[in-house]
Amino acid sequence: GKKDVFHMTEEEHQEREALYSRICDTVCRAVTDFPEAKLVAPEGFQSILSGISQVWGKKGTPGIMIHSDSEGLILDISVSLASASSLAETGKQLQNAVWKSLQPLTPQIRAVNIDILKVEK
């Protein structure tokens with residue numbers, strides 16, 4: 001049966017927080033490998049989504065949203081890029097890098113979405 005997120009034990013809750021926190025650290029490191037990219041908080045984004053699914057964003061890690069559903073975890077990562085010359089290419093490389101770095105961490109992740117929110121002029 002599908003677990004109700006509101007009936008998680010304290011232990012499960014702590015395990016999930018620990019996992020989410022490791023995911024955030026891993027994503028941050030992966031993004032750091034791309035000098036032209038940086039994580040940015042999607043302003044006002046959270047309020048739209050919070051009614052739909054359980055949304056978790058660690059304070060201090062703006063730009064990373066983790067959603068869970070019965071299939072696993074979905075990551076939405078918001079970044080700004082230094083130049084517009086290779087948006088699609090950089091987005092794809094970033095997505096691959098993040099995906100690769102997360103695989104050893106947890107099999108639960110089923111999607112990584114990169115949202116390019118703005119381009120630094």
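The figures here come from the full heavy-atom set of this structure, side chains too, leaving out hydrogens, waters and symmetry mates.
- Under the salt bridge (charged side-chain N to carboxylate O under 4.0 Å, His left out) criterion, Arg110 pairs with Asp69, sequence neighbours left out.
- Applying the side-chain hydrogen bond (donor to acceptor under 3.5 Å, both in side chains) rule to Glu36 yields no partners; only residues at least two apart in sequence or on another chain are considered.
- Each salt bridge (charged side-chain N to carboxylate O under 4.0 Å, His left out) pair with one or both residues in residues 90-100, not counting sequence neighbours, would appear here, but there are none.
- Side-chain atoms of Ser101 come within 3.5 Å of backbone N or O of Val98 as a donor-acceptor pair.
- Side-chain atoms of Leu102 and Leu105, non-hydrogen and from C-beta on, do get closer than 4.5 Å to each other.
- Contact between Cys28 and Ile64 at its shortest, heavy atoms only, is SG-CD1, 4.2 Å.
- Here Ser80 pairs with Glu120 under the side-chain hydrogen bond (donor to acceptor under 3.5 Å, both in side chains) rule; sequence neighbours left out.
- Rounding to the nearest 0.5 Å places CG of Leu87 at 12.5 Å from CD1 of Ile114.
- The line from CG of Leu19 to CD of Glu12 is 13.0 Å long, rounded to the nearest 0.5 Å.
- In this structure, the side-chain contact (heavy atoms from CB on, under 4.5 Å) partners of Glu89, at least two apart in sequence or on a different chain, are Ser86, Gln93.
- Taking the side-chain contact (heavy atoms from CB on, under 4.5 Å) definition, one finds that Glu15 meets it with Glu11, sequence neighbours left out.
- Under the rule for a side-chain hydrogen bond (donor to acceptor under 3.5 Å, both in side chains), the partners of Asn113 that lie at least two apart in sequence or sit in another chain are Asp76.
- Residues meeting the side-chain contact (heavy atoms from CB on, under 4.5 Å) test with Ala97, sequence neighbours left out: Phe34.
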Do Leu73 and Tyr20 pass the side-chain contact (heavy atoms from CB on, under 4.5 Å) test, and can you show the C-alpha distance, the side-chain angles, and the key distance before you say yes or no? CA-CA 10 Å; Leu73 300 176; Tyr20 282 15; 3.1 Å; yes
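- Taking CD1 from Ile77 and CE from Met65, the interatomic distance works out to 12.0 Å, rounded to the nearest 0.5 Å.
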Steps toward side-chain contact (heavy atoms from CB on, under 4.5 Å) verdict (Leu94, Ile116): CA-CA 11 Å; Leu94 194 53; Ile116 296 167; over 6 Å; no
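- Neither Trp99 nor Ile74 shares a network with the other; the hydrophobic side chains, linked directly or stepwise wherever heavy atoms of I, L, V, M, F, W or Y lie under 4.5 Å apart, form separate groups for each.
- A search for side-chain hydrogen bond (donor to acceptor under 3.5 Å, both in side chains) contacts involving Thr106 returns Gln108, not counting sequence neighbours.
- Contact annotation: the side chain of Cys24 approaches that of Ile66 to within less than 4.5 Å [non-hydrogen atoms, C-beta and beyond].
- In this structure, Val40 belongs to a hydrophobic cluster whose other members, linked by side-chain heavy atoms under 4.5 Å apart, are Leu117.
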